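In the text below, chain A, chain B and the rest are named by the order of the sequence lines, each starting its count at 1. Nothing here was measured: the structure is a model prediction, and the numbers come from that model.
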Number of protein chains: 4
Amino acid sequence: MFFQINPSNGIPVYEQVSRQIMFAVASGSILPGEMIPSVRELARELAINPNTVARAFRDLQDQNILQTVRGTGVAVTHGARAKCISARTRVIRDRLRDVLAEARQSQLDEAELQAIIDAEFENSKKRKH
Amino acid sequence: MFFQINPSNGIPVYEQVSRQIMFAVASGSILPGEMIPSVRELARELAINPNTVARAFRDLQDQNILQTVRGTGVAVTHGARAKCISARTRVIRDRLRDVLAEARQSQLDEAELQAIIDAEFENSKKRKH
Amino acid sequence: MFFQINPSNGIPVYEQVSRQIMFAVASGSILPGEMIPSVRELARELAINPNTVARAFRDLQDQNILQTVRGTGVAVTHGARAKCISARTRVIRDRLRDVLAEARQSQLDEAELQAIIDAEFENSKKRKH
Amino acid sequence: MFFQINPSNGIPVYEQVSRQIMFAVASGSILPGEMIPSVRELARELAINPNTVARAFRDLQDQNILQTVRGTGVAVTHGARAKCISARTRVIRDRLRDVLAEARQSQLDEAELQAIIDAEFENSKKRKH
DNA sequence: GTGGTCTAGACCACC
DNA sequence: GTGGTCTAGACCACG
């Protein structure tokens, strides 16, 4: 596991964890059928409380993305890949839609909005590498 | 006052109020120097708690967008217009930046991201009128 | 709230709480739109930890049976009634199906099984009042 | 040995093993005095942990259903048949009683409950052959 | 006052 | 070793 937690950016820690797992499955970094690190181990790595990790795992189990094997650990389900990919798209599209809805509602000039979008998109490309 | 409050959409109610006032000033729907409805009146209209309206007003006063006129009520300051315009841009740009940052971090394919952006932008145009 | 918790019967306490709320909604004891007792209050009444109650509430929110009103409390959603009724039927039917499947798999004589069912059904009727 | 283990259906694996042995004795598929496969062999067959099989055997030994024959292996005791038959009835009756108790507590309409029972009983008959 | 999050630490069943 | 449950207590945002 290779991701980062920011304890003070408004997004609940357990949600940062579950999202990053979801994204990792979507992108193929974690494969269906694979075991993922134990609650305690991941908690140690990320320097957070095990209960917080457990909550993230539980949320993903409720979505049938993870599955616990009794006394053994937690595995990625076989249907997880597709679910994660579409969930990822959905999350991003919905958030984008919210921003655009607010922009429209604020009566921001359309050309200006377009300019902001282009600029930020370029920005994000640069930060990509 | 003509805006709408959604008490269960994640955004704090007081923030929905202050933002919509801000946007109204930015777009010229409310003019500098104008009085705005009292805390009690606005609370009644929007069917929310007066404390919530008061908090929105306080936040806007802290930004020098509103000011109390002794014995009369609350008015939009003369410097408000410019402040609201730039605040509006900032709010929207920041939210957009967050979405794009998350999209990038999720390893979503760039072409797909671009497609989503275009589609949603078109969508929001349609909903505009 | 009028229900009972048995802390040592195998069923997790938070699940006993959420089920009993569900059943209460299904049977009409709690109506859609109504507020339910606060986490702290219910925890006090049932003599359990508030976090345990909170978890039950959270599970029901995930099923869109409860809905929190920010800073105010928790309410039963409007679609809850139908969901609870069908969930109740489903829970009971599934558990019954499991028992019967096990009975069949155990090669228990069918007449004997029928006898057990009849006897227990009569029993449960008696206990009803 | 011809039975199946489901590692992720809530019932502990060791209990699935011991129950299925018990049921096999009750139905006469395994006869008193017969040897049963060794822990290691059964574990291999069922693709589960030997400790799990050992625990199932231990439970059955505690109930005097299995006994170890020094230097030879594990055998079904002579009193086992009767014990298994009554244990089987007890297990099923208890589970049935639990379901009906919950149904009653949920205030499910009695006629509806009766209908569910009948339907599922017919269902289970069909699946039997 | 309300719910939500997080931590800490305990105990349990399971493998 | 594993995950699951529960308790206790703290802090925060919201109305």
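- The residue among C/S38 and A/A47 whose nearest nucleotide of DNA chain E is located toward the 5' end is C/S38.
- Along DNA chain F, the nucleotide closest to C/E15 and the one closest to A/R40 are compared, and the more 5′ of them pairs with A/R40.
- Atom CD of A/Q67 and atom P of F/dT2 are 18 Å apart (whole Å).
- Between the CZ atom of A/R58 and the C1' atom of E/dG4 there is a distance of 13 Å, rounded to whole Å.
- If you measure from atom CG of B/N9 to atom P of F/dG15, you get 10 Å, rounded to the nearest angstrom.
- Separating the CD1 atom of B/I11 from the P atom of F/dG15 is a distance of 12 Å, rounded to the nearest angstrom.
- Out of E/dC6, F/dG3, E/dC15, the shortest distance to the side chain of A/V13 is found at E/dC6.
- Of all nucleotides listed (E/dC6, F/dC14, E/dC15), E/dC15 comes nearest to the side chain of A/R70.
- For E/dT5, the OP1/OP2 oxygens have no side-chain nitrogen or oxygen of A/T52 closer than 4.0 Å.
- For the pair C/Q61 and E/dG3, the criterion of a side-chain N or O lying under 4.0 Å from OP1 or OP2 is not met.
- Residues C/Q16 and A/E41 each lie close to DNA chain F; by heavy-atom proximity, the contact nearer the 5' end of the strand is made by A/E41.
- When both distances must be under 3.5 Å, the Watson-Crick or G-U wobble mate of E/dC14 is F/dG1.
- No donor-acceptor pair under 3.5 Å is formed between the side chain of C/R81 and the backbone N or O of C/L31.
- Straight-line distance from the CD1 atom of B/I5 to the C1' atom of F/dG15: 13 Å, rounded to whole Å.
- C/I5 pairs with exactly one of C/V13, C/I11, C/T52 by the side chain to side chain contact (heavy atoms under 4.5 Å, CB included) rule, that one being C/V13.
- Heavy atoms of A/R55 sit under 4.0 angstrom from primed sugar atoms or phosphate atoms, though from no base atom.
- Separating the CG atom of D/N51 from the P atom of F/dT2 is a distance of 16 Å, rounded to the nearest angstrom.
- With E/dT2, F/dA8, F/dG3 as the candidates, the nucleotide lying closest to the side chain of C/N49 is F/dA8.
- In this structure, the side chain of A/T77 does not engage the main chain of A/Q67 through any donor-acceptor pair within 3.5 Å.
- In this model, the phosphate group of F/dC6 is not approached by any side-chain N or O of C/Y14 to a distance below 4.0 Å at OP1 or OP2.
- Taking atom CG of residue D/D59 and atom P of nucleotide E/dA13, one finds them 13 Å apart after rounding to whole Å.
- Contact between C/V17 and C/A56 at its shortest, heavy atoms only, is CG1-CB, 3.6 Å.
- At a threshold of 4.0 angstrom between heavy atoms, the contacts of C/V74 are confined to the sugar-phosphate backbone, with no base atom among them.
- A donor atom on one side chain and an acceptor atom on the other are found under 3.5 Å apart for A/Q105 and B/Q20.
- Atoms CD and CG, from B/E41 and B/L46 in turn, are 10.0 Å apart once rounded to the nearest 0.5 Å.
- Nearest-nucleotide positions on DNA chain E place C/G73 closer to the 5' end than the other of A/I48 and C/G73.
- For C/M35 and E/dG1, the CE to P distance is 15 Å, given to the nearest whole Å.
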